[in-house]
Amino acid sequence: MTELRVPSRILMGPGPSDVDPRVLRVMATPLVGHLDPAFLDVLNEVMALLRQAFQTANRLTLPISGTGSAGMETVLVNLLEPGDRAVVGVNGEFGRRMADIVRRCGAELYAVEAEWGRALDPSAVEDALRKAKNPKLLAVVHAETSTGVLQPIPPLGELARRAGALLVVDCVTSLGGCEVALDAWEVDAAYSGTQKCLSCPPGLAPVSLGTRAEEALLRRKTPVQSWYLDLTMIMNYWGKDRFYHHTAPISMLYALREALRLVEEEGLDRRFCRHRLHSRAVCAGLEAMGLELFVPEPWRLPTLTAVRVPEGADDLRTRRALLDRFGIEIGGGLGPLKGKIWRIGTMGYSCQPRNVILLMAALEAVLREQGLGPPPGAGMSAAAEILADGERTG
Ligand SMILES: *Cc1c(COP(=O)(O)O)cnc(C)c1O
């Protein structure tokens, strides 16, 4: 077998995103043991940086070994016991996945649905919380990557509190890309993933539990169903006891530390601003090409744009041409949206002017070849104009 060679790509799909070269470099750092005093410093630094990114003082803030779904499963299996009632917002693939895990925990599911491409209606959430009578938790997706919808969290915090439920938020595609303020929003538990807006390879899932969630965990009558994801044991490694539970993925933790350092250096506000600017440029470019955005204005994600596959365009052929000829990856639709939308990520290191401009030019070329007639150069110039505006106003 030959040495591994993969083509060079620009990752503008729903994740993974491109990894900053600085993160790739630290991954080549030689290993130390997972109980080496030098590595224990790394653990503490990662926890401190994660608290900054989540905007929380939560003691129990650490990365779980596994991808974003492991974060989702960790939060739900640790907080839910058989017979508990849980209200879950389902307006996309990841809400569905939470609902599935809730059932597997032996908890009673109260789903609040909304049309895919729309946010949940707080009054429907309120009804479900009432119907569930004393629900243990309310779980929602902040940034629904399958549809491109941003769910406003603050109104839901208030509702959960009044119902005596813990608020659980999926921040996989928002952490490091748009405002996530766990303490200000009174979120009780949240999780994320490293390969979206943090621009780190997939493999870790930052989670954070507040005091109310931690108390609920310590009050459990039954042991956590998952041995590997049991936070009561994991926290004895990350806390001062340093008990061995499982071997920490050392190189991934080096990588996350560097990715979070990049977030800190850029500053949260500037980083959020950069994501908003580039997604606005993508939206403007797509609309100038005559394409229709899937999500109405108030709910558009600043980290991922969903756009309808235009009539007459071949979904697969278009994405394949972008990949083969321009090296650009964008995502297709999931579940009921398969073949209906494209998902364009502008996350982390991928969120750069040159990527947006290249995608506009490439997409225009590929659509024109299929007999569609976006006006030549329209997408590119509309996007460039927004980016130049942002450049001027900072
Ligand atoms: C990607 C994603 C997940 C799952 O993360 P994996 O790393 O693929 O396991 C969960 N929730 C949302 C909103 C996501 O975008």
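Whatever order the structure lists ligands and atoms in, that order sets their numbers, starting from 1. Residues take their numbers from the sequence shown, with the count starting at 1. The basis for the numbers below is simple: all heavy atoms, side chains too, and nothing from hydrogens, waters or symmetry mates.
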Are side-chain N/O atoms of Ser279 and Arg300 paired as donor and acceptor at under 3.5 Å?
no
Answer side chain, backbone, both or neither: which part of Ala143 comes under 4.0 Å from ligand 1, heavy atoms only.
backbone
Verify whether one side chain among Thr318 and Gln370 offers a donor that lies under 3.5 Å from an acceptor in the other.
yes
Proximal ligand 1 atoms for Thr67, defined as those under 4.0 Å from one of its heavy atoms:
6 (P), 7 (O), 9 (O)
Where the side chain of Arg85 meets the backbone of Ala132, is there a donor-acceptor pair that is under 3.5 Å apart?
yes
Is there at least one pair of N or O atoms, one from Tyr191 and one from ligand 1, spaced under 3.5 Å apart?
no
Glu144 contact mode with ligand 1 (heavy-atom cut-off under 4.0 Å):
neither
Write out the residue and atom name of the closest protein heavy atom to atom 15 (O) of ligand 1, then the distance separating them to 0.1 Å.
Thr145 OG1, 2.3 Å
Is it the case that the side chain of Glu144 and the backbone of Phe94 share a donor-acceptor pair, with hydrogens and angles ignored and the cut-off at 3.5 Å?
yes
Please check: side-chain N/O of Gln225 versus main-chain N/O of Cys105, any donor-acceptor pairing under 3.5 Å?
yes
What is the nearest protein non-hydrogen atom to atom 3 (C) of ligand 1, stated with its residue, atom name and distance?
Phe94 CE2, 3.4 Å
Quick check: does Gly68 get an N/O under 3.5 Å from an N/O on ligand 1?
yes
At a non-hydrogen distance cut-off of under 4.0 Å, which region of Asp170 contacts ligand 1 (side chain, backbone, both, or neither)?
side chain
Would you find more than 12 non-hydrogen atoms of other residues, nucleotides or ligands less than 6.0 Å from Arg368 atom CZ?
yes
Using only atom types and a distance under 3.5 Å, with no angle test, would you say the side chain of Arg319 pairs donor to acceptor with the backbone of Glu329?
no
Do me a favour and list the nearest non-hydrogen protein atom to atom 7 (O) of ligand 1 with residue, atom name and distance?
Gln195 NE2, 2.7 Å
Identify all side-chain donor-acceptor contacts of residues 112-124 below 3.5 Å with residues at least two apart in sequence or on another chain.
residue : atom : partner : partner atom : Å
Asp121  : OD1  : Ser123  : N            : 3.0
Asp121  : OD1  : Ser123  : OG           : 3.1
Asp121  : OD2  : Ser123  : OG           : 3.2

Top protein contact for atom 2 (C) of ligand 1, by heavy-atom distance:
Lys196 NZ, 2.6 Å
How far is atom 4 (C) of ligand 1 from its nearest protein heavy atom, and which residue and atom name does that atom have?
Ser69 OG, 3.4 Å
